[in-house]
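Inspection log for the structure reproduced underneath, given as structure tokens.
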2 protein chains.
Amino acid sequence: MTEGPTITTIAQRAGVSIASVSRVLNGLPTREDTVRRVMRAADELGYVPNSVARSLRNRRTDQIAFAMADIGNPVYVAMVREVQPLLKEAGYRLLIHSTDGDAEDELGVLRGLRERYVDGLIISPLRGVTEEHVEAIVAARAPVVVIGSLPEDMPDGALVDNVRTDSRTGVRLALDHLHAIGRRRIGFLNGPLGTVPGAARAAAYREALEALDLPYDEDLVEVGDFYRDSGARAARALLARAPGVDALMCANDLIALGALDVLREQGRDVPGDVAVVGMDDTDLASVTWPTLTSVSLGSAERGRAAAGLLLDRLQNGPREPRVVVVRPSLTIRGSTTLPEASPGGAR
Amino acid sequence: MTEGPTITTIAQRAGVSIASVSRVLNGLPTREDTVRRVMRAADELGYVPNSVARSLRNRRTDQIAFAMADIGNPVYVAMVREVQPLLKEAGYRLLIHSTDGDAEDELGVLRGLRERYVDGLIISPLRGVTEEHVEAIVAARAPVVVIGSLPEDMPDGALVDNVRTDSRTGVRLALDHLHAIGRRRIGFLNGPLGTVPGAARAAAYREALEALDLPYDEDLVEVGDFYRDSGARAARALLARAPGVDALMCANDLIALGALDVLREQGRDVPGDVAVVGMDDTDLASVTWPTLTSVSLGSAERGRAAAGLLLDRLQNGPREPRVVVVRPSLTIRGSTTLPEASPGGAR
DNA sequence: TTGTATGCGTTATCAC
DNA sequence: GTGATAACGCATACAA
């Protein structure tokens, strides 16, 4: 018995037709006696239905994919962590795609939807939704949820929902806070301007300064990558150019880590000399010393929202596209509050 | 055209049989002219093969599942991060199961293999491989790789490989190091003894002490959970009971974080007064202050090994079960080295 | 080289 | 209620 039992095997053993077997297994009304015989045979054979055959017939896989740039990134981990149990609860399995933020890879995933190996997709395109992304989304007849920004003019009939955050407001919250604690020379360590978050945060920084009546000073801005070592390099450059800076706004937590490294290395007190704010409010923020004040962009909530929208579409059928905007918030920690405010005071 | 094109659609359009279409699409020898017509029709129709139908026919899904306790745990993230690209490279998609370390959930995944929705499985059972696990592994005719310990007496014919680490040696490395830097009263903050790592590390701690000719002192041992707050509670209790402790061996990095919190709160210098060693060498270890010396159990390497074993089995067919043991190593950082040893005062 | 026919394992539609 | 049978979309043995 190297091949597994099928409904045919059961039918033979129980002396009934495969139709009856299928009915029994699916709980359709059947005569008592037939039910017993089928159940017994299935039990003895250790029958388990073949999910592939069922999928082919039912035209659904009970699988959902989540495509992100990098599963190692704490932001995505936070999302997956929320998405997984929701899907499981609803009876779906979860597939993970790591795209490295490569647009071609993302397109591959979107186009792959036509293979019908999943019933829906959550995707977070790092560099934005291009014309080609849109085409692929329209061509895919499976529902898609895009985490991030989406063009205003999506074609009608696209099965797509959108979850986004508002990093503009996020940066604003951070700068307001820094201003409130007396900082006036607020530097900005950003990620690549070619990425959606990078571009948005750059604009947001300018706007926030303006709103606070602070001058925009090119010397206070440094662009690097969204990593720790890159953040360190950027911080070093900025501090060399503008030694008088009294706060550093960082475009994500990893950059902030790099900044903290450099400030410690240079013997500058945080937050005494320089206050530091990160972004994403990842698990790392509560681990550093001092702990890191960070703008939360609601990663967990975005994950939940994305899963919710997709499941709703899968369960309740077509409807107008929806957009969920998750409001940012500021989690204030040690890197922007003076020591006397942090009990225990062990420094 | 609400339904997608199939080989039948193409066959009609190209004026050939579905067999020819299939042949062309699979690159089998075909007349030049036929190839052109089929390709053209496929192209015009935007044909994409249905992966479910193909799976049913080919008896393979090109999918592999990875079941772990918690996708939020940095150890598993490190593994997934290695596994994902290897599978992708080999043409497999990755499914993620989060089991919460629940044995029933784990069994569900193992038994689910009989549904044939994946070609293979990597699983890391948190509380060990029970009799029932073994049964399910044998019953599943898909290859399985177990990360963690596996019973010696697996039944013949089980398609299972094993990747494990050697936490005994790991703990030993840590205690040798602590001893070498002059520590003699080495406390131990462990996780639940009901878990495989918890039990192994408890035994390893005793052994290591013995090897170093240090007495085993119950007051120096505290058992909690593998989390930060639990680690903090445990550290607090241990420090109250044994104020003279000069080092803390922690059963994982999260526990060590909690310990660092408490030590800072109590104004005890790390490593001056108390040295701290974590375990797993997660990303967090390089973020804390002081940075955390930690025993690396080779998470990344274990992930790679697991993927490698599974792929080998899928590609080269049956063979004897294999065991890969990943050797632990010690990454020495600030929590066990005195300040003067760390140049620039920043690590 | 090409077409016909069959099967992969299910579900569902019919007659009976 | 039950059984024969037709899909689902694809790949292939076999005959032409």
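Note that the coordinates shown come from a computational prediction; the quantities given were computed from them, not determined experimentally.
One finds a side-chain N or O of A/Arg31 lying less than 4.0 angstrom from the OP1 or OP2 phosphate oxygen of D/dT2. Distances shorter than 4.0 Å separate none of the side-chain N or O atoms of A/Tyr117 from OP1 or OP2 on D/dG9. Between B/Thr6 and D/dC8 there is no side-chain polar atom (N or O) within less than 4.0 angstrom of OP1 or OP2. Note on B/Ser20: a side-chain N or O is less than 4.0 Å away from OP1 or OP2 of C/dG3. Side-chain N/O atoms of A/Arg59 include one lying less than 4.0 angstrom from OP1 or OP2 on D/dG9.
Looking only at atom types and distance, the side chain of B/Asp70 has no donor-acceptor partner in the side chain of B/Ser98 under 3.5 Å away.
When each of C/dT2, D/dC10, D/dG3 is scored by its nearest atom to the side-chain atoms of B/Thr30, the top-ranked nucleotide is C/dT2.
For B/Asp43 and B/Arg40, the salt-bridge test fails: no basic side-chain N is under 4.0 Å from an acidic carboxylate O. Between B/Asp100 and A/Lys88, none of the side-chain N atoms (NZ, or NE/NH1/NH2) sits under 4.0 Å from a carboxylate O, so this pair counts as no salt bridge. We find that B/Arg319 and B/Asp161 are joined by a salt bridge, their nearest charged nitrogen and carboxylate oxygen being less than 4.0 Å apart. Ion pairing between B/Arg54 and B/Asp62 fails under the 4.0 Å rule for side-chain N and carboxylate O.
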What does the list of N/O pairs under 3.5 Å between the protein and nucleotides 12-16 of chain C look like, with a distance for each?
from	atom 1	to	atom 2	distance (Å)
C/dA12	O4'	A/Arg57	NH2	3.0

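Atoms CD1 (A/Ile10) and P (C/dT11) sit 11 Å apart, rounded to a whole Å. Atom-to-atom, CD1 of A/Ile7 to C1' of D/dA4 comes out at 13 Å; the value is rounded to the nearest Å.
Closest non-hydrogen pair, A/Val163 versus A/Leu309, comes out as CG2-CD1, 3.6 Å.
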